[in-house]
Amino acid sequence: VCFRQSHVQHNCVGGEMMNIVFYLKNGNKVEAHGCSEKDLTRLVSQFNNGHLMRVKNVCINPKEVVYLAGYGSEDNQ
């Protein structure tokens with residue numbers, strides 16, 4: 001899953017758990033593990049509305065996000 005502004009592509013099937021990586025303007029990245037597709041959908045909504053992006057133990061200002069990517073947990077082997 002790669003997200004840039006309002007563009008979303010899903011590559012996880014059904015109820016698979018995924019990891020979501022936030023790439024920030026300052027060059028850093030933050031990763032949230034064990035997320036669901038519902039979490040990703042909510043993050044997209046929070047980003048588009050300019051609200052604080054919250055998932056698991058991560059809170060990110062959407063103004064600092066360049067893009068985010070989600071991938072199935074087994075994809076990162």
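Counting all heavy atoms, side chain and backbone alike, Ala69 lies closest to Tyr23 at CB-CE1, 4.4 Å. The heavy-atom pair separating Leu68 from Val65 by the smallest distance is N-CG1, 4.4 Å.
Under the side-chain contact (heavy atoms from CB on, under 4.5 Å) criterion, Lys25 pairs with Glu64, Val66, not counting sequence neighbours. Applying the salt bridge (Lys or Arg N to Asp or Glu O under 4.0 Å) test to Arg42 and every residue at least two apart in sequence or in another chain returns Asp39. Not counting sequence neighbours, the partners of Asn49 by the side chain to side chain donor-acceptor pair (under 3.5 Å) test are Ser45.
To the nearest 0.5 Å, atom CG of residue Leu52 and atom SG of residue Cys59 are 5.0 Å apart. Of the inter-residue distances, the one linking Phe47 atom CZ with Met53 atom CE reads 6.5 Å to the nearest 0.5 angstrom. Rounding to the nearest 0.5 Å places CG of Leu43 at 8.5 Å from CD1 of Ile60.
Within the structure, no pair that satisfies the side chain to side chain donor-acceptor pair (under 3.5 Å) test touches residues 50-63, not counting sequence neighbours.
Within the 4.5 Å cutoff, the side chain of Val21 has no heavy atoms near those of the Tyr67 side chain.
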